[in-house]
Protein chains: 2
Amino acid sequence: MPDKLPPAVETVDTSYLEGLVGYNASRAAITVIELFLQRMAVYGMRQVDFSVMSLVTHNPGITSRQLCAALSIQPPNLVAMINALEQRELIVRKPHPRDGRAVGLHLTPTGQKLMHDAERTAQELELDATRRLTAAERKTLIRLLQKVYL
Amino acid sequence: MPDKLPPAVETVDTSYLEGLVGYNASRAAITVIELFLQRMAVYGMRQVDFSVMSLVTHNPGITSRQLCAALSIQPPNLVAMINALEQRELIVRKPHPRDGRAVGLHLTPTGQKLMHDAERTAQELELDATRRLTAAERKTLIRLLQKVYL
DNA sequence: TATTGTTATACTCTATAACTATA
DNA sequence: TATAGTTATAGAGTATAACAATA
């Protein structure tokens, strides 16, 4: 008679984790971000670069501090990103009209062209990432996610 | 007459980003994970440790490879986590019944007690993190998130 | 030959302390 | 004294290559 051996797991049961909002939100975010990274590679932007560029697009003159607050980025970590975007001539720093300490960020014409294309790509990507959702479901999903973090 | 100065941004307009599923899923995930980290601190576990422990709980004998596949962790990065959990005497490695290369992971009695409490804490935390959602909305949110990543 | 678990290592991301110029 | 921007640096997280043991 053989010794009793520990059981082997055939298929992994993840049902407990799948009942948690945090687990599901993380998995969904990772899936969308991976697709985002693939499609944005042609623009040389990661998710965070796109977020920064998008906020500069819709808020010309925004300061580094405002970007940090809006995106939960630590100021020292934003410096290299801004430098890189400036070296690529996508954004320019201009003096702030009322605060000599601050610098306003603006898109260059090149940056405007790039973001025009990138935001269109982002819209297409959104529809692909949520292709199993109806338009109404997609709207509901965003509304419920905002109820969690706002 | 003064020179024309660039405009200053009063309040940051984030409406474009708020229309993207990826942005919202990321923000929601970060919010829940931060609360998770606070509440799980008493158990000395981060989100990933809890996920590993939970899968071992519901899949006794699960292997490292199965954990890596289920949680999208690279095998080298799991080693230190498993070692730490074993040193805390929360899990034990037992020989796999049919594969001499593999090792099955199991909870110790201490690990079982800890996870009994930790999973109860996770349930409470879930309700707190989604306190602005009705039970039906919470269920809908999970269903829609799974439609994105599954 | 392929797979499990592992070591070593590099790379990225994120966080903290401290400085300067200006408010 | 407080804030915007910056530098340097440390720590955490993640990824790749290569190895021994076993299939």
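Naming: A, B, ... by sequence-line order, numbering from 1 per chain.
Mapping A:N83 and A:A102 onto DNA chain D by nearest heavy atom places A:A102 at the nucleotide closer to the 5' end.
Rounded to whole angstrom, the span from the CD atom of A:E34 across to the P atom of C:dT12 amounts to 17 Å. Rounded to an integer number of Å, the gap from B:Q47 CD to D:dA12 P is 17 Å. Rounded to an integer number of Å, the gap from CZ of A:R101 to P of C:dC19 is 19 Å. Taking atom CD1 of B:I82 as the reference point, atom C1' of C:dT4 lies 13 Å away to the nearest angstrom. Between A:R93 atom CZ and D:dA4 atom P there is a gap of 16 Å when expressed in whole angstrom units. Note: CZ (A:R65) to C1' (C:dT22) measures 13 Å, nearest angstrom. Rounded to an integer number of Å, the gap from A:L67 CG to D:dG5 C1' is 13 Å. Separating the CE atom of B:M81 from the C1' atom of C:dG5 is a distance of 15 Å, rounded to the nearest angstrom.
Within 4.0 Å (heavy atoms only), B:V48 reaches no atom of the nucleic acid at all.
Distances shorter than 4.0 Å separate none of the side-chain N or O atoms of B:R98 from OP1 or OP2 on D:dT22. Contact check, A:R46 against C:dC13: a side-chain N or O comes under 4.0 Å of OP1 or OP2.
The pair A:R143-B:E18 does not count as a salt bridge, with every side-chain nitrogen at least 4.0 angstrom from each carboxylate oxygen. Under the 4.0 Å criterion applied to side-chain N and carboxylate O atoms, B:R39 and B:E124 are not assigned as salt-bridge partners.
Applying side chain to side chain contact (heavy atoms under 4.5 Å, CB included) to A:M53 and the options A:E119, A:M81, A:M45, A:H58 leaves one that passes, A:M45. B:Y23 pairs in a side chain to side chain contact (heavy atoms under 4.5 Å, CB included) with only one of the listed residues (A:I33, A:L145, A:L71), which is A:L71.
In this structure, CG in A:L125 is found 9.0 Å from CD in A:Q38, a value given to the nearest 0.5 Å.
Annotation: salt bridge (charged side-chain N to carboxylate O under 4.0 Å, His left out) contacts of A:R131 (sequence neighbours excluded): none.
Here the shortest heavy-atom pairing between A:R132 and B:V148 reads NH1-O, 3.7 Å.
Within residues 68-79 of chain A, the residues having any heavy atom under 4.0 Å from DNA chain C are, by residue number, A:Q74, A:P76, A:N77.
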